[in-house]
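As the structure is a computational prediction, the values presented were derived from the model and not from experiment.
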Amino acid sequence: MDEARALAAFGALSQETRLRIVRLLVEAGPGGLPAGAIGAAMDGASSSRMSFHLSHLEQAGLVASRREGRSILYSAVYPTLSGLVAFLMRDCCQGHPEVCAPAIAALSCACEPNENPHA
């Protein structure tokens, strides 16, 4: 990720509602959520307000939308989010891995794979 894209992403995330939306979509997983569910999770925000914020996040490359029937689903763009973290941590350590250890530990996925996908 280059500096211009990182700045656009950080700019989009620097607003409380947009940061909450991204965190919600990360938690939702790759399937994403319908716009209405996102609005409901944002204290019942109006559709015009959600459209504004989701558009801003989409322009920054942090979320993507897709149509399924009559619904528009939004999901986090994990490669962009990973790229943003990598951009911040790229020059970490300077030969001292203990400096980056807490950040790396925080990024470790705590998810356990579902052994029975039909459960």
May I have the list of side-chain donor-acceptor pairs in residues 69-84 shorter than 3.5 Å, sequence neighbours left out?
| unit_1 | atom_1 | unit_2 | atom_2 | d |
| --- | --- | --- | --- | --- |
| Tyr78 | OH | Val26 | O | 3.1 |
| Thr80 | OG1 | Gly61 | O | 3.0 |
| Ser82 | OG | Tyr78 | O | 3.0 |

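- In this structure the side chain of Ile21 reaches within 4.5 angstrom of the side chain of His53, judged on heavy atoms.
- Taking CZ of Arg20 as the start and CG of Leu13 as the end, the distance is 14.0 Å to the nearest 0.5 Å.
- Atoms CG and CG, on Leu25 and Leu57 in that order, are 8.0 Å from each other to the nearest 0.5 Å.
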Donor-acceptor pairs are to be reported for all side-chain atoms of residues 31-47 against protein atoms at under 3.5 Å, with residues two or more places apart or in another chain.
| unit_1 | atom_1 | unit_2 | atom_2 | d |
| --- | --- | --- | --- | --- |
| Ser46 | OG | Ser48 | OG | 3.3 |
| Ser46 | OG | Arg49 | N | 3.1 |

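- Between Phe87 and Met1, the shortest heavy-atom distance links the atoms CD1-O, 3.5 Å.
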Apply the test salt bridge (charged side-chain N to carboxylate O under 4.0 Å, His left out) to residues Glu68 and Arg66: give CA-CA distance (whole Å), side-chain angles for both, the deciding distance (0.1 Å), then the verdict.
-> CA-CA 7 Å; Glu68 283 191 11; Arg66 68 185 185 283; 3.2 Å; yes

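- Other residues, nucleotides and ligands place more than 12 heavy atoms under 6.0 Å from the CD atom of Glu98.
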Are Arg18 and Phe52 close enough, and set up right, to give a side-chain contact (heavy atoms from CB on, under 4.5 Å), and what steps lead you there?
-> CA-CA 10 Å; Arg18 291 192 291 268; Phe52 171 79; 3.7 Å; yes

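- In terms of heavy-atom proximity, Ser65 sits nearest to Glu58 at OG-OE2, 2.8 Å.
- The shortest distance between side-chain heavy atoms of Leu19 and Gln15 does not fall below 4.5 Å.
- Note on Leu7: it does not cluster hydrophobically with Val63, by side-chain heavy-atom contacts below 4.5 Å among ILVMFWY residues.
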Starting from the C-alpha separation in whole Å, work towards a yes-or-no answer on side-chain contact (heavy atoms from CB on, under 4.5 Å) for Met50 and Thr17.
-> CA-CA 9 Å; Met50 284 297 91; Thr17 300; 3.8 Å; yes

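- Taking each heavy atom of Ala8 and Ala60 in turn, the nearest pair found is O-CB, 3.8 Å.
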